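For this chain, numbers begin at 1 and follow the sequence in order. A quick note: this is a predicted structure, and the numbers were derived from the prediction, not measured. Just the heavy atoms: all of them, side chains too, but no hydrogens, waters or symmetry mates, feed the values below.
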Amino acid sequence: MRRTGFFSLLWLCLNVSYICAQADCVLGVGVTNDTVISNVFQLNEAQKQQLLNFGAEVKYRNGLLNTELRNIKERHPQSTVTELRNLAEKYKEVMDSMARVQTMLDKRMLALFNPKQYQLYQSLCKEASRSPFLVEPKVYSDSLYHKN
């Protein structure tokens, strides 16, 4: 009985920690309006240009992945449970690829943030109960940032 109770408690703790885990704090490059990101983080001109470039890259890559999704849906047999399960696995793989693309390009953009912009990102993530991506903010030669 004690052993069963221990395993039940362990199972409950693992499930609660999984449910309570914070989701990534996505910046949304290519998805969120560039003007919103630019205004909130007060991007400089070079950062604005990179935001446009990264946004175009997200859209291009996701366009290719959307085409792949359409091809999977149209060409994959769907008459048995096994075929549907295989279709779902392939669909999930492509959706995971889209998430990886978003994460990669958000991190690239965040790496261009100066320390104050990155601190703002972290505080917004905290308010939203999200886990910020960890990057090393860039120190610009024209910045007046002093580490205390």
What heavy-atom pair brings [X] and [Y] nearest, and what distance separates the two atoms?
X	Y	result
Leu43	Met109	CD1-CE, 4.0 Å
Thr35	Asn33	N-OD1, 2.8 Å
Ile37	Leu27	CD1-O, 3.9 Å
Val26	Phe133	CA-CE1, 4.1 Å
Gln42	Gln117	O-NE2, 3.2 Å
Asn62	Met98	OD1-CG, 3.5 Å

**Study point:** Stepwise side chain to side chain donor-acceptor pair (under 3.5 Å) check, Asn86 with Glu83
**Key:** CA-CA 5 Å; Asn86 290 340; Glu83 290 172 345; over 6 Å; no

To the nearest 0.5 Å, tell me how far [X] [atom1] sits from [Y] [atom2].
X	Y	atom1	atom2	answer
Leu84	His76	CG	NE2	8.5 Å
Asn53	Gln49	CG	CD	5.0 Å
Gln102	Asp24	CD	CG	11.0 Å

**Study point:** Residues in salt bridge (Lys or Arg N to Asp or Glu O under 4.0 Å) contact with Glu93, at least two apart in sequence or another chain
**Key:** none

Point to revise | Counterpart residues, salt bridge (Lys or Arg N to Asp or Glu O under 4.0 Å), relative to Arg100 (two or more places apart) | key: none

**Study point:** Qualifying residues under side chain to side chain contact (heavy atoms under 4.5 Å, CB included), relative to Glu45, sequence neighbours excluded
**Key:** Lys48

Practice item. Would you list the pairs meeting disulfide bond (SG atoms under 2.5 Å apart) in which at least one residue belongs to residues 80-130, sequence neighbours left out? Key: Cys25-Cys125

**Study point:** Donor-acceptor under 3.5 Å (Ser123 side chain, Leu120 main chain)
**Key:** yes

Practice item. Show which residues join Tyr60 in its hydrophobic cluster (side-chain heavy-atom contacts under 4.5 Å, direct or indirect), or state none. Key: Leu64

**Study point:** Salt-bridge contact Glu74-Arg70 (side-chain N to carboxylate O under 4.0 Å)
**Key:** no

Exercise for review: Using a strict cut-off of less than 4.0 Å between a Lys/Arg side-chain nitrogen and an Asp/Glu carboxylate oxygen, indicate whether Arg108 and Glu57 qualify as a salt bridge.
Suggested key: yes

Review point. Under 3.5 Å, is there a donor-acceptor pair linking the side chains of Asn71 and Glu68?
Key: no

Exercise for review: Name all pairs fulfilling the ring pair (Phe, Tyr, Trp, His ring centres under 6.0 Å) condition that reach into residues 99-123, sequence neighbours left out, sorted by first residue then second.
Suggested key: Phe41-Phe113, Tyr118-Tyr121

